[in-house]
Amino acid sequence: MRCLAPSGDRIRHTLPAMLKRTHTCGQLRDAHVGSVVTLSGWVNSYRDHGGLIFIDLRDRFGITQLVFDRESIAPALLDQADKLRNEDVIACTGKVRVRIGGPNPKLATGTVEVVVEALEVLAKTDNPPFLPDDLASLPAEETRLKHRYIDLRRPRMQGILATRHRITKVARDYFDENGFLEVETPILYKSTPEGAREFIVPSRHIPGSWYGLPQSPQLFKQLLMVSGLDRYMQICRCFRDEDPRADRQSEFSQIDLEMSFVGREDVMAMMEGFARRLWKAVLGVDVPPIQRMPYRECMERFGIDRPDTRYGLEIRDVSAIAAKTDFRVFRDALAKHPDAKPYFSKRGVVKAIRVPAPHAEKLTRKLTDGYSEWVKTFGAGGVPVVKLNAAGAFETGVAKFVEPVRAELVAALGLQPGDTVLFAADTYAVATKTLGELRQKVARDLGIVPEWGKAWNFLWMIDPPMFERDKDSGRWVAMHHPFTAPREDQQDAFVAADPDDDQAIESIVSAGYDLVMNGSEIAGGSIRIHRPDVQAKVFRLLGLSPEQAKDKFSFLLEALRFGAPPHGGIAFGLDRLVMHLCGTENIRDVIAFPKTQIGADLMTGAPSLVSDEQLRELHVKSTYVPQKP
RNA sequence: GGGGCGGUAGCUCAAUUGGUUAGAGUACCGGACUGUCGAUCCGGUGGUUGCGGGUUCGAGUCCCGUCCGCCUCGCCA
């Protein structure tokens with residue numbers, strides 16, 4: 001621990017005498033015994049024995065026990081100490097000695113104590129709404145957010161903020177060593193209302209015009225490549241005005257990166273090195289070489305583009321076997337586009353998950369009935385279930401329908417007595433999504449997901465499709481973003497593809513890549529389009545007329561015309577990285593001053609009303625009419 | 001926008017089927033105490049049960065509305 005004692009403080013002598021600390025509260029050890037030290041910090045707890053008072057003094061660096069002893073100090077000092085309460089801020093001077101009452105193994109400083117000879121109360125506290133105590137049961141999150149400055153006094157929260165700092169430090173060091181320049185990009189930005197809903201800011205100088213806040217610095221970092229910056233990094237704030245989740249805030253941070261003259265192998269290798277450095281620096285964990293898994297395989301085996309490979313429960317296609325049954329649910333599903341390509345999103349399929357024997361016992365009727373209800377949110381009709389009993393026969397659920405194909409199902413799924421099978425019969429898209437989500441829920445319900453710190457399963461998801469149909473509008477939308485390039489060998493197919501040929505468009509693969517860890521996307525990126533004709537074709541496919549594309553992105557299209565190097569990049573979700581490396585599932589725990597689900601800051605009261613004068617100056621008029629109480 | 005859970009003392013929680021003056025721990029205040037370390041012991045203050053309406057002899061409890069927090073679906077190029 002670094003000593004924070006200042007040196008050469010020229011104004012010290014002109015101020016009223018204040019005890020200046022010589023050590024932090026986490027610093028003193030046996031070696032300091034006998035020396036006179038000054039500490040400052042918050043009263044973490046007090047134990048008043050009358051003539052003997054113990055104070056645990058806390059700062060960011062630790063806790064040190066102070067002792068006030070009637071036999072060795074002035075009565076006035078003891079009276080002062082007698083009035084100290086939790087969260088008072090004090091400074092004190094005294095001699096370090098070995099603890100008379102024996103060591104406290106819970107504290108790093110637990111073998112010593114400071115016998116106080118001088119005390120200065122720097123700030124007396126009102127009775128705080130709660131104490132920043134990691135051992136006590138936490139107050140409601142609402143209370144923590146309202147008094148965030150107190151919540152952030154908790155060692156756990158300070159530890160998270162320290163880890164967050166460590167992560168950004170490692171990022172800056174690593175990318176600096178590899179030739180990246182950190183460049184800041186605008187927060188007040190051109191509104192580009194594709195994708196996420198954006199926050200907007202009115203212009204005072206240009207009446208009626210608005211800035212958007214960036215959903216990411218995507219276009220600027222590409223322009224920096226056109227500018228010849230070669231390698232860019234930024235730890236940047238991004239804004240998306242969509243409803244938050246446990247792992248999502250509308251204002252969040254990315255470690256944003258872009259590289260010139262590279263293909264996807266170069267980018268992935270560079271980022272893999274970063275992940276390796278990061279896990280080693282923060283957790284001491286060695287990350288082995290990261291395997292790649294094509295999007296198609298991810299979907300086939302795990303039903304999701306970010307597979308959690310920490311447990312089995314993989315998905316199998318049993319369409320061919322299901323077709324031989326008389327089960328109407330199977331037959332109806334399989335009747336959809338039976339002649340389409342195998343992975344066509346609208347083609348009917350039957351897929352299954354085998355839940356192996358010891359765990360399968362926990363799958364009660366109540367639980368599986370719940371699954372049938374739950375999957376309706378993904379558009380599925382239900383979850384057919386069947387069990388293989390000890391005698392090797394199917395029972396319960398859809399047993400009578402699948403009994404005729406028992407041998408084939410047992411062989412295809414590798415079933416053992418006691419196993420349970422969960423089915424999904426629907427279109428490829430719905431069945432895959434359903435089992436992909438169900439697989440994760442079952443794993444959680446059965447308790448087979450390794451606890452935090454036990455497994456770090458990385459993989460690169462590669463070869464994702466360029467486009468997919470929007471569920472509502474039916475229009476093509478970019479899977480990643482409209483600047484993602486087709487994979488090198490797909491360029492011709494892309495240029496030739498007929499926009500009305502669903503199967504052809506769906507099968508075009510991009511040069512995108514996502515870094516996935518334990519089922520969580522921690523980074524996503526792609527090689528970008530650097531040819532104006534290819535970029536124009538993408539815009540056309542997305543339904544942007546040349547005029548619209550020019551209006552929104554003319555600067556990019558122009559830039560691409562004036563000599564753009566091949567380039568590609570990636571962005572890490574910083575908040576999620578911190579969550580994973582700290583073992584928390586609440587994104588608000590890794591943000592110093594987070595917002596609630598409706599974007600409110602409970603501490604400052606943002607957002608708040610502004611004066612009519614402010615609005616007039618910005619040429620803005622609110623249509624909101626407050627409800628009468 | 002939809003679904004779910006929650007809101008009782010500063011904080012964490014309890015309160016039987018709708019029934020006496022809404023309790024406990026902790027914090028806080030006062031007192032005792034020289035080796036504690038989540039100190040202990042004694043005493044005390046502290047409540048618009050989120051807010052508004054309704055049903056009822058009687059509402060923390062039931063009904064309607066509303067606000068806030070969390071989880072979630074949609075949404076998140």
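Quick note on labels: first sequence line is chain A, next is B, and so on, each numbered from 1. These numbers come from a predicted model, not from an experiment.
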Between B:rC62 and B:rA14, how far is it from one P atom to the other, in whole Å?
-> 15 Å
Could you tell me whether the side chain of A:Glu113 has a donor or acceptor atom within less than 3.5 Å of a complementary atom in the base of B:rG35?
-> yes
Given atom CG of A:Asn44 and atom P of B:rG38, what is their separation to the nearest angstrom?
-> 11 Å
Relative to the ring of A:Phe483, is the ring of A:His481 parallel (under 30°), tilted (30 to 60°) or perpendicular (over 60°)?
-> tilted
Does the aromatic ring of A:His49 sit over the six-membered base ring of B:rA39, closer than 5.5 Å centre to centre and tilted less than 30°?
-> yes
Nucleotide of B:rG35, B:rU34, B:rC68 approaching A:Glu142 most closely (side-chain heavy atoms) | B:rC68
Would you indicate which nucleotide in B:rA77, B:rG35, B:rC33 comes nearest to any side-chain atom of A:Asp48?
-> B:rC33
Please determine, by modelled atom types, if A:Tyr232 and A:Asp256 share a side-chain donor-acceptor pair under 3.5 angstrom.
-> yes
Touch check for A:Leu135, heavy atoms < 4.0 angstrom, all strands: base, sugar-phosphate only, or nothing?
-> nothing
What is the nucleic acid contact for A:Arg97, judged by heavy atoms within less than 4.0 Å: base, sugar-phosphate only, or nothing?
-> base
Under 4.0 Å between any heavy atoms, over every strand shown, what does A:Arg588 touch: base, sugar-phosphate, or nothing? Just pick one.
-> sugar-phosphate
Check the distance between B:rC13's C1' and A:Leu138's CG and give it to me in whole angstrom.
-> 15 Å
Side chain to side chain contact (heavy atoms under 4.5 Å, CB included) with A:Val116: of A:Ile53, A:Asp69, A:Leu66, only one passes, and it is A:Leu66
Reckon A:Gly110 touches a base, only the sugar-phosphate, or nothing at all at heavy-atom distances under 4.0 Å?
-> nothing
Take A:Thr24 and A:Asp59, measure what side-chain hydrogen bond (donor to acceptor under 3.5 Å, both in side chains) needs, and give me the verdict at the end.
-> CA-CA 7 Å; A:Thr24 71; A:Asp59 64 15; 4.6 Å; no
Can you find a donor-acceptor N/O pair under 3.5 angstrom joining the side chain of A:Arg245 to the base of B:rC70?
-> no
Taking atom types as modelled, find out whether A:Ser345 and A:Glu506 have a side-chain donor-acceptor pair closer than 3.5 angstrom.
-> yes
Is A:Arg47 salt-bridged to A:Asp56, cutoff N-O under 4.0 Å?
-> yes
Heavy atoms under 4.0 Å, any strand shown: does A:Asp241 hit a base, just sugar-phosphate, or nothing?
-> nothing
Picking from B:rC70, B:rG35, B:rC68, which would you name as closest to the side chain of A:Leu602?
-> B:rC68
Report all interatomic pairs (protein N or O, nucleotide N or O of nucleotides 23-27 of chain B) with separations under 3.5 Å.
unit_1	atom_1	unit_2	atom_2	d
B:rA27	O2'	A:Asn127	OD1	2.9

Is a side-chain donor-acceptor pair under 3.5 Å present for A:Thr185 with A:Gln234?
-> yes
Under 4.0 angstrom, heavy atoms only, what part of the nucleic acid is A:Ile53 near: base, sugar-phosphate, or nothing?
-> nothing
Describe the nucleic acid contact of A:Glu141 in one word from base, sugar-phosphate, nothing, applying a heavy-atom distance below 4.0 Å.
-> sugar-phosphate
Separation of the P atoms in B:rG4 and B:rC41, to the nearest angstrom = 46 Å
Which value, in whole Å, describes the distance between the P atoms of nucleotides B:rC64 and B:rC5?
-> 13 Å
Check: A:Arg240 side chain, B:rC76 base, donor-acceptor under 3.5 Å | no
Apply side-chain hydrogen bond (donor to acceptor under 3.5 Å, both in side chains) to A:His480 and A:Ser510, showing your working.
-> CA-CA 9 Å; A:His480 186 45; A:Ser510 85; over 6 Å; no
Determine if A:Phe130 stacks with B:rC11; use a centre-to-centre distance below 5.5 Å and an interplanar angle below 30° as the criteria.
-> no
Looking across every strand, which nucleic acid part, if any, lies under 4.0 Å from A:Asp69 by heavy atom: base, sugar-phosphate, or nothing?
-> base
When you get a sec, tell me which of B:rC68, B:rU34, B:rC70 is the closest nucleotide to the side chain of A:Glu71?
-> B:rU34
What does A:Ser216 touch in the nucleic acid at a heavy-atom separation under 4.0 angstrom: a base, only the sugar-phosphate, or nothing?
-> base
Donor-acceptor pair under 3.5 Å: do we get one between A:Asp243's side chain and the base of B:rG74?
-> yes
Closest to the 5' end of RNA chain B, once A:His481 and A:Ile598 are matched to their nearest nucleotides, is A:Ile598
Sticking with atom C1', work out how far B:rU12 lies from B:rU16, rounded to a whole angstrom.
-> 22 Å
